[in-house]
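One structure is given here, and the rest of the page talks about it.
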Amino acid sequence: MIDLRLLREDPELLRASQRKRGEPVERVDELVAADEARRSAVSSFEALRAEQKQLGRLVPKAAGEEKAALLAKTKELAEKVKRAEAAVGEAEAALRAAQLALPNLVEEGAPAGGEDDYVVLREVGEKPSIAAPKDHLELGEALRAIDMERGAKVSGARFYYLTGQGALLQLALLQYGLSVAVEAGFTPMIPPVLVKPETMEGTGFLGAHASEIYHLPADDLYLVGTSEVPLAGYHKDEILNLTGPQRYAGWSSCFRREAGSYGKDTRGIIRVHQFDKVEMFSFCPPEQAHEEHLRLLAIEEELLGKLELAYRVIDVAAGDLGSSAARKYDCEAWIPSQGKYREVTSTSNCTTFQARRLNVRYRDAEGRPQTTATLNGTLATTRMIVALLEQHQQPDGTVKIPKALQAFLGGRDVLEPA
RNA sequence: GGAGGCUUCGCCUAGUUCGGUCUAUGGCGCCGCACUGCUAAUGCGGUUGGGGUCCAAAGCCCCUCCCGGGUUCGAAUCCCGGAGCCUCCGCCA
């Protein structure tokens, strides 16, 4: 949700943001109108209510005819108050709807345009030159690390088993990721992966992404698509004592329906319904959010570097940010079998947009409650296995394990076909 | 699944019998001031949050006693529905 004070002060800023996203500018003016309508409804209600309270206080003191007259008057007033109150309720609902319809203000500097208008900030590491690279599934099957067939037998398409050294590799990757986070001052968290509708809604995932999410109707709970959801909800309706960023690293399974992606990435574990991820999440004072965002990106890059992967960083264009993010950087690892870079991490600065919905605040230097900023970023995830296997494959069918992971694999430095 | 109890301004708590300055009591904590060589102790004052009005501040006003309805001129208080927590029973591990 956008800050209504900002909306009143500088609607043009928001219109410009909408243009940059390629979204309708009218949403801004609709919100301005809804805001004004609400305030006028509130004023009328409050005036009537004040009068009612004042008269009501006279009732017990009055007697006889005077009292009867007073009661008649207050009764009439009570009717009006009730109507005015209902009008406020409607105006508030309309305002909320208009507020939910407007995405976050895009950060200055983010590229304008849609999905293909990203800007490549840098390419890091040397792409391995592999003659006729095998893809991760071929490698994974030879290593007996990935079993898609049985995943499909048991659960359906886009499900898989990680087996043997594949399972160990994922655990090593996630543990290493978590250890990097802990070293950087993040509190490790293992959150619930089923959340209530209000939590899912608060994080902004029930809007355009609603069809991406698994819902359990019998209990009215949602399976999270990322631990960003339970981490963001962790401090819902709280006022935090923040001086700097409060950082959490959540380790969880993630569930995605992948509706509308039929036919895309059907081979292997690039796009699956269930995977595991260590996610960074920060609550911080808004003026520190930009710096924190760069910090999250730096941590992601540090990890990719330690995994000895070639990758590039892109500055995602405004139209591809999603509603909550003001700025987003993706790291994309080189996938030799595809000859392409593919997203492995993504970090977003949601400024105060998400926290306002969830009502997460902190006290500023004057002791006044203010909305926090929230940021998130991927640290380690199942998808990285794809890049690890493919980039580190050897002509003999083995796969080298990067030094950083060896300690988490009992010192092993290579995966070998079983 | 069944029965009962609880939910008040950061925490604890009074108030709910019998509806009306409850415009919510007290303690703890916190902040400020005074006293003191410093600390402690003590005294005095302040301290829920949201919103409206306003250029702004002050002030004033409205909402907020778990949530949503209802009764009433008037609800923390009465009625109905719901949520959360706790205890016991049952069931499953």
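Convention: sequence-line order gives letters A, B, ...; per-chain numbering from 1. The figures here come from the full heavy-atom set of this structure, side chains too, leaving out hydrogens, waters and symmetry mates.
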Pairwise [atom1] distance for [N] and [M], with rounding to whole Å:
{"N": "B:G15", "M": "B:C31", "atom1": "C1'", "answer": "28 Å"}
{"N": "B:A24", "M": "B:G49", "atom1": "C1'", "answer": "15 Å"}
{"N": "B:A40", "M": "B:C28", "atom1": "P", "answer": "16 Å"}
{"N": "B:G19", "M": "B:A75", "atom1": "C1'", "answer": "6 Å"}
{"N": "B:G51", "M": "B:U64", "atom1": "P", "answer": "16 Å"}
{"N": "B:U8", "M": "B:C85", "atom1": "P", "answer": "15 Å"}
{"N": "B:C63", "M": "B:G84", "atom1": "P", "answer": "29 Å"}
{"N": "B:A76", "M": "B:C66", "atom1": "P", "answer": "10 Å"}

Could you state the atom-to-atom distance from [atom1] of [X] to [atom2] of [N] in whole Å?
{"X": "A:Asp3", "N": "B:G50", "atom1": "CG", "atom2": "P", "result": "13 Å"}
{"X": "A:Lys80", "N": "B:G74", "atom1": "NZ", "atom2": "C1'", "result": "18 Å"}
{"X": "A:Glu198", "N": "B:C67", "atom1": "CD", "atom2": "P", "result": "14 Å"}
{"X": "A:Ile239", "N": "B:G10", "atom1": "CD1", "atom2": "P", "result": "9 Å"}
{"X": "A:Asp237", "N": "B:G10", "atom1": "CG", "atom2": "P", "result": "13 Å"}
{"X": "A:Asn241", "N": "B:C31", "atom1": "CG", "atom2": "C1'", "result": "14 Å"}
{"X": "A:Leu55", "N": "B:U21", "atom1": "CG", "atom2": "C1'", "result": "16 Å"}
{"X": "A:Arg5", "N": "B:C54", "atom1": "CZ", "atom2": "P", "result": "15 Å"}

Would you indicate what A:Gln52 reaches in the nucleic acid, counting non-hydrogen atoms under 4.0 angstrom: base, sugar-phosphate, or nothing?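 Answer is sugar-phosphate: A:Gln52 comes under 4.0 Å of backbone atoms only.
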Contact class for A:Arg8 vs. all strands (heavy atom < 4.0 Å): base, sugar-phosphate, or nothing?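 Here A:Arg8 touches the backbone only, sparing every base.
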Provide the closest heavy-atom pair for A:Asn241 versus A:Gln246 in the form atom of the first, atom of the second, distance.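 Looks like O-OE1, 4.3 Å.
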Which atoms form the tightest heavy-atom contact between A:Val180 and A:Ile299, and what is the distance?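 Looking at all heavy atoms of both residues, the shortest contact is CG1-CG2, 3.9 Å.
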[X] side-chain N/O to [Y] backbone N/O, donor-acceptor pair under 3.5 Å:
{"X": "A:Arg356", "Y": "A:Thr371", "answer": "no"}
{"X": "A:Arg27", "Y": "A:Leu102", "answer": "no"}
{"X": "A:Thr203", "Y": "A:Thr199", "answer": "yes"}

Atom pairs, N/O to N/O, protein against nucleotides 68-72 of chain B, distance under 3.5 Å?
| unit_1 | atom_1 | unit_2 | atom_2 | d |
| --- | --- | --- | --- | --- |
| B:U71 | OP2 | A:Lys82 | NZ | 3.4 |

Set out, line by line, the N/O atom pairs under 3.5 Å between protein and nucleotides 61-64 of chain B.
| unit_1 | atom_1 | unit_2 | atom_2 | d |
| --- | --- | --- | --- | --- |
| B:C62 | O2 | A:Glu46 | OE2 | 3.3 |
| B:C63 | OP1 | A:Arg49 | NE | 2.2 |
| B:C63 | OP1 | A:Arg49 | NH2 | 2.9 |
| B:C63 | OP2 | A:Lys53 | NZ | 2.9 |

Using the side chain to side chain donor-acceptor pair (under 3.5 Å) rule, take A:Arg49 and A:Gln52 through it: C-alpha gap first, then chi angles, then the decisive distance, then the call. CA-CA 5 Å; A:Arg49 179 70 178 152; A:Gln52 181 190 35; 2.7 Å; yes
Which residues share a salt bridge (charged side-chain N to carboxylate O under 4.0 Å, His left out) with A:Glu138, sequence neighbours left out: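 A:Glu138: no salt bridge (charged side-chain N to carboxylate O under 4.0 Å, His left out) contacts found.
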Sequence neighbours left out, what pairs pass salt bridge (Lys or Arg N to Asp or Glu O under 4.0 Å) with at least one residue falling in residues 187-214 of chain A?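 For residues 187-214 of chain A: A:Arg96-A:Glu201.
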All N/O donor-acceptor pairs, side-chain side in residues 36-48 of chain A, below 3.5 Å, sequence neighbours left out:
| unit_1 | atom_1 | unit_2 | atom_2 | d |
| --- | --- | --- | --- | --- |
| A:Arg39 | NH2 | A:Asp35 | OD2 | 3.4 |
| A:Ser43 | OG | A:Arg39 | O | 3.3 |
| A:Ser44 | OG | A:Ser40 | O | 2.8 |

Pair up each side-chain donor or acceptor in residues 266-289 of chain A with any protein partner under 3.5 Å, not counting sequence neighbours, and list the distances.
| unit_1 | atom_1 | unit_2 | atom_2 | d |
| --- | --- | --- | --- | --- |
| A:Arg267 | NE | A:Asp135 | OD2 | 2.5 |
| A:Arg267 | NH2 | A:Asp135 | OD1 | 3.3 |
| A:Arg267 | NH2 | A:Asp135 | OD2 | 3.3 |
| A:Arg271 | NE | A:Asp265 | OD2 | 3.1 |
| A:Arg271 | NH1 | A:Glu258 | OE1 | 3.2 |
| A:Arg271 | NH2 | A:Asp265 | OD2 | 3.2 |
| A:His273 | ND1 | A:Tyr214 | OH | 3.2 |
| A:His273 | ND1 | A:Arg256 | O | 2.7 |
| A:His273 | ND1 | A:Arg257 | O | 3.3 |
| A:Asp276 | OD1 | A:Gln170 | NE2 | 3.2 |
| A:Asp276 | OD2 | A:Ser253 | OG | 3.0 |
| A:Lys277 | NZ | A:Thr226 | OG1 | 2.9 |
| A:Lys277 | NZ | A:Glu279 | OE1 | 2.7 |
| A:Ser282 | OG | A:Glu292 | OE2 | 2.6 |
| A:Gln288 | NE2 | A:Thr243 | O | 3.3 |

By a strict heavy-atom criterion of less than 4.0 Å, which residues belonging to residues 27-39 of chain A are in contact with RNA chain B?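 Nucleic-acid contacts, sorted: A:Arg38, A:Arg39.
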Once side chain to side chain contact (heavy atoms under 4.5 Å, CB included) is applied, do any residues pair with A:Pro197, and if so which ones, sequence neighbours excluded?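 For A:Pro197 the side chain to side chain contact (heavy atoms under 4.5 Å, CB included) partners, ignoring immediate neighbours, are A:Asp220, A:Tyr222.
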Could you please name the partner base of [N], counting Watson-Crick and G-U wobble pairs only when both distances are under 3.5 Å?
{"N": "B:U71", "result": "none"}
{"N": "B:U23", "result": "none"}
{"N": "B:U36", "result": "none"}

Matching residue for A:Arg327 among A:Thr351, A:Asp315, A:Thr347, A:Asn104 - test: side-chain hydrogen bond (donor to acceptor under 3.5 Å, both in side chains):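 Exactly one pass, corresponding to A:Asp315.
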Starting at the 5' end of RNA chain B, which residue's closest nucleotide do you reach first, A:Val42 or A:Gly56?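 Its nearest nucleotide being more 5', the pick is A:Gly56.
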5'-most contact on RNA chain B: A:Ser40 or A:Lys67, nearest heavy atom basis?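 Result of the comparison: A:Lys67.
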Pairs involving residues 398-409 of chain A, ordered by first then second residue, that meet side-chain hydrogen bond (donor to acceptor under 3.5 Å, both in side chains) (sequence neighbours left out):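 For residues 398-409 of chain A: A:Asp396-A:Thr398.
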Kindly state each residue pair satisfying ring pair (Phe, Tyr, Trp, His ring centres under 6.0 Å) with at least one member in residues 165-184 of chain A, sequence neighbours excluded.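 Pairs touching residues 165-184 of chain A that pass the test: A:Tyr176-A:Phe408.
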Under 3.5 Å, is there a donor on one side chain and an acceptor on the other for A:Arg412 and A:Gln165?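 Yes.
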Show the distances under 3.5 angstrom between N or O atoms of the protein and N or O atoms of nucleotides 78-86 of chain B.
none

Check whether any side-chain nitrogen or oxygen of A:Arg363 sits under 4.0 Å from OP1 or OP2 of B:G10, and answer yes or no.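 No, because none of the side-chain N or O atoms of A:Arg363 sits under 4.0 Å from OP1 or OP2 of B:G10.
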For a quick test of your reading: what N or O donor-acceptor pairs under 3.5 Å do the side chains of residues 372-379 of chain A make, sequence neighbours left out?
| unit_1 | atom_1 | unit_2 | atom_2 | d |
| --- | --- | --- | --- | --- |
| A:Thr374 | OG1 | A:Gln354 | OE1 | 2.8 |
| A:Asn376 | ND2 | A:Glu228 | OE2 | 3.4 |
| A:Thr378 | OG1 | A:Ser346 | N | 3.1 |
| A:Thr378 | OG1 | A:Ser346 | O | 3.4 |

